[in-house]
There are 2 protein chains.
Amino acid sequence: MDAVQDEAAGKRARGLDRAFEILDFLRQKRQALKPNEIAAQIGAPRSSVYELVNLLLSNGILEFTGGEGRVYLGRKLYFLGAAYENHFDFTRECETTLEHLADETRETAQFCMLDGNRYTVVRMREGARPFRISTDVGQSVPIPWTASGRLLVAHLSDQEILNFIPPQDFRLPGGEWLEPQTFIAEVRQAEREGLFTFNSIVDSFTHCFAVPVRGEEGHAAATLCLVTPRDDGIANRDRYLGCLKKAAARLEHAPARPKRS
Amino acid sequence: MDAVQDEAAGKRARGLDRAFEILDFLRQKRQALKPNEIAAQIGAPRSSVYELVNLLLSNGILEFTGGEGRVYLGRKLYFLGAAYENHFDFTRECETTLEHLADETRETAQFCMLDGNRYTVVRMREGARPFRISTDVGQSVPIPWTASGRLLVAHLSDQEILNFIPPQDFRLPGGEWLEPQTFIAEVRQAEREGLFTFNSIVDSFTHCFAVPVRGEEGHAAATLCLVTPRDDGIANRDRYLGCLKKAAARLEHAPARPKRS
DNA sequence: ATCATATGTACATTATATTGGACGTTGATG
DNA sequence: CATCAACGTCCAATATAATGTACATATGAT
């Protein structure tokens, strides 16, 4: 999400942006890497990356792990993330809601949010017959690839949507091009109906159901999803959507706590 | 913890350091603050703080919340923290261990680590008769104030300990001065015995027990603690220490997972 | 009305952070 | 042995980020 302004060639990058680019990259890779590898793969000057990595190491934002000078996200980030989680205390309710959903439907239930201008699965509960889910928890994925994506950008105007989503994200995993106007039409439809369902674009055997979890501003702060085998999904469509709606309503009425419990 | 090198007066602060100083400060405060307040309280130039806050906002590291332009830690930090937690997957084992400990002893059990050069409670499980615990989860506290602190720095040499702990942290909450040499003697004793217990320095009615959880390098990567009423603690000393040792051993044999489960 | 405080914005200055490139390893390969 | 690639360090040059200062607005007290 940071490499958006790659346009100007000769510009220097700001240290802070580079730093978070490194952190995001490590998160995507989900493994420790050498500074050299990081530099090569994000296309940043090696000297800059070494400098930043050392700074981040000395702050506990990064840690040596995996040997050979490899680094990964550090403990400090865990503490900061825990503070966020504690403040916007959605996880407890979220976990029980997903559990309930998965029990009711025997399908895989997910809680999803935007991660910058992409989509990510924040929590997941496997269903009764777990199958290989296409997107793992914590991976960020182009918004147009997902059912939830239609709901998560619905509060934006057409133009804002086009500005928000990186153009290359309309290229689907199979290589086909999703016309932005088609996507926007689906967004508007999802907005009207308060839900979106489709046969997954990412694989060829699942059906996805998504409903919004509305925040204080009234727009979708998150989504609840079910990922099902296609036959199952189509057969149980109405029941599954009912379960999702009910679960979303429960989450909405458990607002962010102001302070400690 | 970052304002250590306040020595040189006329020096400019590096953006990255200031940024993480802001993040750490918000974590300590555990509430949303206006940029102006942040600047005043951390003693940084207002223009710098506004600049950094805006940068961090646009990256999702900070978020507007609480109205009136107040900001707090953002969702991106949660994602990064979750990635850390997923990589060094200690939390699951940790949670069950604390639960077991609290059930066995009916006392408050804690899992503690270093946060930079201070101490913090990472996870806590209240005992049967919860009383007002002096340090909350996520707050960072001077190392010399805690029993665990004696264990967490035991792998350092005397000189390294003195360099590592901010000098002002030897000033105890009551105002008394803890002689660094006294502290170091206690560290060495804790190291020999593989445990440390004392009547809490922070309050006047609890007794603390701490044992190390050793990481791969052999030194205390974390501690397990019990916080008990003084009478109880002294009466059950041997049993409690036995429980702690057993729990620590269990945690040590559930090492950090390399990748996904 | 006057003053003081809290808050956010705008901009020029200059200290310095980012960067490209040189240099020195090491290890693998022909 | 010669060559190449991967890796880390060092350093000078300059683009720019951090800062001080001034400005604008709102609020409340006197």
Those residues that, when tested against A:Phe25, pass ring pair (Phe, Tyr, Trp, His ring centres under 6.0 Å) (two or more places apart): none

If you take any heavy atom closer than 4.0 Å to DNA chain C, which residues from residues 39-56 of chain B end up in contact? B:Arg46, B:Ser47, B:Tyr50

List in chain and number order the residues that pass side-chain hydrogen bond (donor to acceptor under 3.5 Å, both in side chains) with B:Thr146, two or more places apart in sequence or in another chain; answer none if no residue qualifies. none

Check whether any side-chain N or O of B:Arg150 sits under 3.5 Å from a backbone N or O of B:Pro144 as a donor-acceptor pair, and report yes or no. yes

Given atom CG of A:Leu57 and atom P of D:dG8, what is their separation to the nearest angstrom? 12 Å

Do B:Leu16 and A:Leu16 come close enough that some side-chain heavy atom pair is under 4.5 Å? yes

Contacts of A:Ser204 that satisfy side-chain hydrogen bond (donor to acceptor under 3.5 Å, both in side chains) - sequence neighbours left out: none

For atom CG of B:Leu16 and atom P of C:dT16, their distance in whole Å: 16 Å

Residues that B:Asp203 engages under salt bridge (Lys or Arg N to Asp or Glu O under 4.0 Å), provided they are two or more places apart: none

Between A:Ala13 and A:Glu37, which residue's closest nucleotide on DNA chain D lies nearer the 5′ terminus? A:Glu37

Members of residues 61-69 of chain B that approach DNA chain D, where some heavy atom sits under 4.0 Å away: none

Hey, does the side chain of A:Arg12 come within less than 4.0 Å of D:dT16's phosphate (OP1/OP2), counting only N and O? no

Taking side-chain hydrogen bond (donor to acceptor under 3.5 Å, both in side chains) as the test, write out the residues that go with A:Asn54, two or more places apart. none

Starting at atom CZ of A:Arg70, determine the distance to atom C1' of D:dG8, rounded to an integer number of angstrom. 15 Å

Which residue pairs pass the side-chain hydrogen bond (donor to acceptor under 3.5 Å, both in side chains) test with at least one member in residues 163-173 of chain A, sequence neighbours excluded? A:Gln159-A:Asn163

ring-ring contact (aromatic ring centres under 6.0 Å, His included) contacts touching residues 36-80 of chain A (sequence neighbours left out): A:Tyr72-B:His87, A:Tyr78-B:Tyr84, A:Tyr78-B:Phe90

In whole angstrom, what separates B:Arg18's CZ from C:dT16's P? 13 Å

Listed range with range, the stems formed with DNA chain C by at least 3 consecutive Watson-Crick or G-U pairs (under 3.5 Å) are C:1-30 with D:1-30

Rounded to the nearest angstrom, tell me the gap between atom CG in A:Leu33 and atom C1' in D:dC7. 14 Å

By side-chain hydrogen bond (donor to acceptor under 3.5 Å, both in side chains), B:Ser140 pairs with (sequence neighbours left out) B:Gln28

For atom CZ of A:Arg14 and atom P of C:dT16, their distance in whole Å: 17 Å

Do any pairs count as a salt bridge (charged side-chain N to carboxylate O under 4.0 Å, His left out) and have a residue in residues 52-75 of chain B, sequence neighbours left out, and if so which ones? B:Lys34-B:Glu68

